[in-house]
Amino acid sequence: MKVYNTLSAQKEEFSPQGDEVKMYVCGVTPYDNCHIGHAMSYIVFDVIRRYLQFRGYKVKYVQNITDIDDKIIDRANQLGITTSELAERYTSSYFADMDALNIGRVDVYPRATVEIPKIIEVIQGLIDKEYAYPAQGSAYFRVRSVPDYGKLAHRSLESMMARARIEAGAEKEHPMDFALWKASKPGEPSWASPWGQGRPGWHIECSAMSLKYLGDTLDIHGGGQDLIFPHHENEIAQSESFTGSKPFVKYWLHNGLVQLGEDKMSKSLGNLITIKEALGKYSTDAIRIFVLSSHYRSPITYSEEGLEAAENARERLVRVISRDDPTGGAGKALDVEPYRKQFIEAMDDDFNTPQALGALFDLARAINEAADSGLSILKAQNVLPELARNVLGLKPPIQTIEVKPVATETSVGSPTLILSANPTPELEERVNRLVEERSRCRQAKQWQRADEIRARLAELGIVLEDVPQGTKKIWRRTPSVETLDNLLEELGIALEDTPQGTVWKRKR
RNA sequence: GGCGACGUAGCCAAGUGGAUAAGGCGGGGGUCUGCAAAACCCCUAUUCACCGGUUCGAAUCCGGUCGUCGCCUCCA
């Protein structure tokens, strides 16, 4: 298994320190809703974690929540609430988004505000070793104390200086020195420290938390490419200086950034699509397929067309999984090993998910082909979702088949496939009524009326397909009870109260 | 200005030295169907931004040109 390491700028054989892979991915600063860029990063690392587990590794996965920083303070002031209220609100929002995207919870979510003692310990350690210095209530990291500063970003201190903004603070020894501890202004949330009241700087929390929960050396540290400099560069400087042991991280993994149109999607540019907005339009699986269709290190451009294509691709996989086995599972079976092997080879090569998806689609075609020619597909159908669910984290819906004990003239006992909808009993009753009416028309060869019912239901998001078992209902969207009632009314079918209860009646 | 990435079919996207350039979406034709849908089959890049070079052989390596993007400042 090979992974691309940002530090060495090449693919390396993956060999973690022990049985348990220690993995840390930079989490959120909860001051606003998460956007698709966050979704990409966390989907990517979710898949990496899943694949490591699939390959038999134990994984300890830690992700920080930086619940105190300048942006949180500003935003809380704007909204007139406390920083902890704000952080709490958007941390919940973040968890809701992760759950909705089927991103598994990590093992530990340390929060900056509850890790202050560890943060202070690390800063004090750095000051003791003269890698850092206090100044006017703040504390700064002395970048010139680290000879290899810039090794992750592949840049020298001099080249950074060329265009670096020279910050005002004259209290810094060197313009590139960065804050470990920031003295607080009056009214700001603060914690006591040896250097005075203040709060942690941006980078130190990640060092403190990763050291505390995962030890001196991590196997994998991940994040977006925009974090390489300065965030991860500074983490290396702090952590290696503090522990005295190198490397801080064996494999640095960075995902490409989501673009929207011409530019990177980012909060400062204001051109972002939130996860909640995307989920309002597209299914979780479509979003995941969209992200995984490109290699994780490449940038992707968010587009409606792309998401729609992913939605259609997803439907293809769902349909394959929900197909019936023509042999009832007893016949000669399709050999799935070549596809499984293809999938694993792709994932072993720096998590090549586009190629792995290709293997899955090849398998999908093979399954359809096999089923069409009477081979058993049951085993193959188990392998496909095993890979799609366990590794790629897709959640294909399950087909339900209503079985009626007595065959009736109508087709109520027909298969249903729920793609994205919430069919309530009220809705199902009405749809079944329409399907029955259509079946009656078909038997009477009233094709025009039968086709109209199918067309009208399709407009409402329910697709009807005539299959050997009857009429298959595919729920793409959830219509309202009212629209269905209107349709029934139009077709001359209505609810009527009778002494026996409320029943459906065809009106003449 | 410095560092880095990328430019493959209508769109998205793998492939990074060798035998027919994955896969998805879209489009066209066919089989099936009352008609559809789904599924399957066939077609949809003689060619990988452009120009030169290395090589028996290059989309893949080297040099140059053009174009796009990211980082260097808060950011996943």
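Chain identifiers are assigned alphabetically (A, B, ...) following the order of the sequence lines, protein sequences preceding nucleic acid strands; residue numbering begins at 1 within each chain. No experiment lies behind these values; they were computed from the predicted model shown.
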A:E311 side chain to A:S283 side chain, donor-acceptor N/O pair below 3.5 angstrom: yes
Euclidean distance for C1', B:U31 against B:A38 (whole angstrom): 13 Å
Atom-pair distance (CD on A:Q342; P on B:A22), nearest Å: 12 Å
Protein proximity profile, nucleotides 34-43 of chain B - base contact B, sugar-phosphate-only contact S, no contact -, cut-off 4.0 Å on heavy atoms: BBBBSSSS--
Between C1' of B:C74 and CG of A:D32, the distance in whole Å: 13 Å
Spacing between A:K151 atom NZ and B:C71 atom P, to the nearest angstrom: 24 Å
Spacing of the C1' atoms in B:A76 and B:C41 (rounded, Å): 44 Å
Integer angstrom distance from the P of B:A49 to that of B:U8: 7 Å
Spacing of A:Q259 atom CD relative to B:A76 atom C1', expressed in whole Å: 13 Å
Rounded distance in Å between the P positions of B:U60 and B:G15: 15 Å
Pair A:Y140 + A:F178: ring centers closer than 6.0 Å: no
Pairwise 5' ranking along RNA chain B for A:S41 and A:R155, keeping only the more 5' one: A:R155
A:L394 vs A:P385 side-chain heavy atoms within contact, under 4.5 Å: no
Nearest-Å distance once atom P is located in both B:U73 and B:U65: 27 Å
Integer-rounded Å distance: B:C71 P and A:H154 NE2: 17 Å
Close aromatic pair by centroid cut-off 6.0 Å: A:H254 and A:H232: yes
Candidates B:G24, B:A76, B:C71 - which lies nearest the side chain of A:F361: B:G24
A:I228 CD1 to B:U73 P, straight-line distance once rounded to whole Å: 14 Å
Distance flag, aromatic centroids of A:Y109 and A:F95, threshold under 6.0 Å: yes
Member of A:E436, A:E437, A:Q443 meeting the side chain to side chain donor-acceptor pair (under 3.5 Å) criterion with A:R440: A:E437
Charged tip of A:R316 within 45° of A:F361 ring normal and under 6.0 Å: no
Geometric cation-pi criterion A:R155 and A:F229, 6.0 Å radius, 45° cone: yes
Stems involving RNA chain B, each a run of at least 3 consecutive Watson-Crick or G-U pairs under 3.5 Å: B:1-7 with B:66-72, B:10-12 with B:23-25, B:26-31 with B:39-44, B:49-53 with B:61-65
Nearest-Å distance once atom C1' is located in both B:G1 and B:A9: 38 Å
Side chains of A:S239 and A:S207, donor plus acceptor under 3.5 Å: yes
Min side-chain heavy-atom separation A:I68-A:P189 under 4.5 Å: yes
A:E205/A:R111 salt bridge by N-O under 4.0 Å criterion: no
Proximal nucleotide (of B:A76, B:G2, B:C71) relative to the A:S159 side chain: B:G2
Sugar-phosphate only, base, or nothing, as touched by A:N312 at under 4.0 Å among non-hydrogen atoms: sugar-phosphate
Donor-acceptor pair between A:Q355 and A:D349 side chains, under 3.5 angstrom: no
Same-atom distance (P) from B:U54 to B:C11, integer angstrom: 34 Å
Integer-rounded Å distance: B:A76 C1' and A:L272 CG: 12 Å
Sugar-phosphate or base contact per nucleotide [nucleotides 5-21 of chain B; S, B, -; heavy atom under 4.0 Å]: --------SSS------
Pairwise P distance for B:A14 and B:A5, with rounding to whole Å: 16 Å
Euclidean distance, atom CG of residue A:L363 to atom C1' of B:G24 [Å, nearest integer]: 15 Å
Closest listed nucleotide, where the reference is the side chain of A:M160 and the choices are B:G70, B:C72, B:C25: B:C72
Touch class at under 4.0 angstrom, heavy-atom based, for A:G27 against every strand present: sugar-phosphate
Heavy-atom donor-acceptor pair, A:N33 side chain to A:T274 backbone, under 3.5 Å: no
